[in-house]
Amino acid sequence: MKGTMRIIGGTLSGRKIEPPESITTRPMMDRVREALFNVLEHRDFGEDIDPLFSEETVVLDAFCGTGALAFEAISRGAGRAVLFDNSSQALKVAAANAAALGIKDKCHIIRADATMPSLRQGFGGQAAKLVFLAPPYRKGLIPLAYRALTQSGWIGRHSIIIAETAKKEVFETLEGCELIVSKTYGDTAVRFMKCGVGKMENG
């Protein structure tokens, strides 16, 4: 799979991202990423969240692929990012992209299964404020990853979760989260949720 991918906004706007060779990695299209970040930058998520993009913000890209979502967040002001993937090829591409963009020191790239993560590590063990869950479609991985990441401390009481599924894929709001807004872009559905509403898995 080849094609041009670029950072859409922020300090790295216009910089190229190398796409993956493998068809098993599904990069989010630039136009969808742009629309997603427009929501994040202009939506009011509350005083306990704002500012969403700051030097204190830790991002978790739990199915990172090329790393485009994490890199876009850093470009727009997030301080640090943790990137998970269980594909060695995806991690190689993500690491190369981070180095080429000059943000390797802001990224902690880990070979990990988001449904069975280790306890949070890197950057002082801080829970992520912004969490991207964009796994392979129609495999039921989002609720599994959410529970595991919450129990292991990666997701906290004031995290914002962005979950990507196929448009017609069945999806239920995650326990302890409030659905803020849901958007569809072609065959892709993106849901923006805020944690800390009601009971969460880790308390």
Side-chain angles (χ1 to χ4, degrees), residues 1-10 12-37 58-76 78-123 128 130-149 152 154-155 161-167 169 185-191:
M1 180 185 295
K2 278 289 185 180
T4 300
M5 298 176 64
R6 297 187 183 278
I7 300 292
I8 303 300
L12 300 173
S13 180
R15 296 286 297 278
K16 185 178 179 182
I17 304 170
E18 286 297 326
E21 295 283 353
S22 172
I23 62 173
T24 61
T25 298
R26 185 199 67 251
M28 180 179 285
M29 295 178 64
D30 285 358
R31 64 181 180 81
V32 177
R33 192 159 24 93
E34 180 177 17
L36 184 161
F37 276 89
V58 173
V59 175
L60 173 61
D61 192 348
F63 300 86
C64 72
T66 63
L69 289 167
F71 304 151
E72 190 78 45
I74 289 174
S75 179
R76 294 169 189 251
R80 299 158 290 173
V82 180
L83 293 83
F84 284 176
D85 211 292
N86 56 14
S87 164
S88 58
Q89 183 186 44
L91 294 174
K92 182 178 179 180
V93 171
N97 280 326
L101 292 168
I103 55 173
K104 188 176 180 179
D105 62 329
K106 294 187 175 185
C107 298
H108 193 57
I109 300 174
I110 306 170
R111 184 165 188 173
D113 182 339
T115 67
M116 296 184 293
S118 61
L119 295 178
R120 65 188 181 199
Q121 56 185 301
F123 303 128
L130 191 57
V131 179
F132 294 105
L133 300 178
Y137 290 166
R138 302 181 182 89
K139 293 189 175 182
L141 294 175
I142 288 177
L144 293 177
Y146 169 73
R147 286 193 292 270
L149 292 167
S152 56
W154 291 97
I155 294 175
I161 295 178
I162 298 89
E164 179 196 347
T165 66
K167 181 179 179 179
E169 186 172 346
Y185 311 101
D187 294 330
T188 298
V190 181
R191 295 168 178 86

Value rounded to 0.5 Å, distance of [atom1] in [X] from [atom2] in [Y]:
X	Y	atom1	atom2	answer
Ile109	Lys104	CD1	NZ	8.0 Å
Met5	Lys16	CE	NZ	11.0 Å
Glu34	Tyr185	CD	OH	10.5 Å
Leu69	Leu36	CG	CG	6.5 Å
Asn97	Cys107	CG	SG	10.0 Å
Thr188	Arg31	OG1	CZ	7.5 Å

Heavy-atom closest contact ([X] atom, [Y] atom, distance):
X	Y	value
Ala114	Pro117	O-CD, 3.4 Å
Ala70	Val59	CA-CG1, 4.4 Å
Gly65	Ala94	O-CB, 3.7 Å
Ala145	Thr115	N-CG2, 4.0 Å
Ala166	Ala189	O-CB, 4.0 Å

Just do the side-chain contact (heavy atoms from CB on, under 4.5 Å) check on Ile8 and Asp30 with the steps written out, would you?
CA-CA 7 Å; Ile8 303 300; Asp30 285 358; 3.8 Å; yes

Taking it one step at a time, do Val82 and Ile110 satisfy side-chain contact (heavy atoms from CB on, under 4.5 Å)?
CA-CA 7 Å; Val82 180; Ile110 306 170; 3.9 Å; yes

So, Ser87 and Asp85: side-chain donor and acceptor under 3.5 Å apart, yes or no?
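Short answer, no.
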
State, without any angle test, whether Arg6 and Ser13 hold a side-chain donor-acceptor pair at a distance under 3.5 Å.
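Looking only at side-chain atoms, Ser13 and Arg6 do not form any donor-acceptor pair under 3.5 Å.
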
Test side-chain contact (heavy atoms from CB on, under 4.5 Å) on Tyr146 and Ile161 and set out the steps.
CA-CA 9 Å; Tyr146 169 73; Ile161 295 178; 3.5 Å; yes

Does the [X] side chain pair with the main chain of [Y], one donor and one acceptor, at a distance under 3.5 Å?
X	Y	result
Ser75	Phe71	no
Arg80	Ile74	no
Glu72	Ile7	no
Thr66	Pro19	no

Give the C-alpha distance, both sets of side-chain angles, the deciding distance and a yes or no for side chain to side chain donor-acceptor pair (under 3.5 Å) between Thr165 and Arg191.
CA-CA 8 Å; Thr165 66; Arg191 295 168 178 86; 3.0 Å; yes

Within 6.0 angstrom of Asn86 CG, more than 12 heavy atoms from elsewhere:
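Enclosed: over 12 neighbouring heavy atoms sit under 6.0 Å from CG of Asn86.
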
4.5 Å side-chain heavy-atom contact, Leu141 and Phe63
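In short, these two side chains touch, coming nearer than 4.5 Å.
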
Could you tell me if the side chain of Ile103 sits less than 4.5 Å from the side chain of Leu12, heavy atoms only?
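A side-chain contact under 4.5 Å exists here.
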
List the steps and the verdict of side-chain contact (heavy atoms from CB on, under 4.5 Å) for Ile162 and Val190.
CA-CA 7 Å; Ile162 298 89; Val190 181; 3.5 Å; yes

Relative to the ring of Phe132, is the ring of Phe37 parallel (under 30°), tilted (30 to 60°) or perpendicular (over 60°)?
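Geometry flag for Phe132 against Phe37: tilted rings.
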
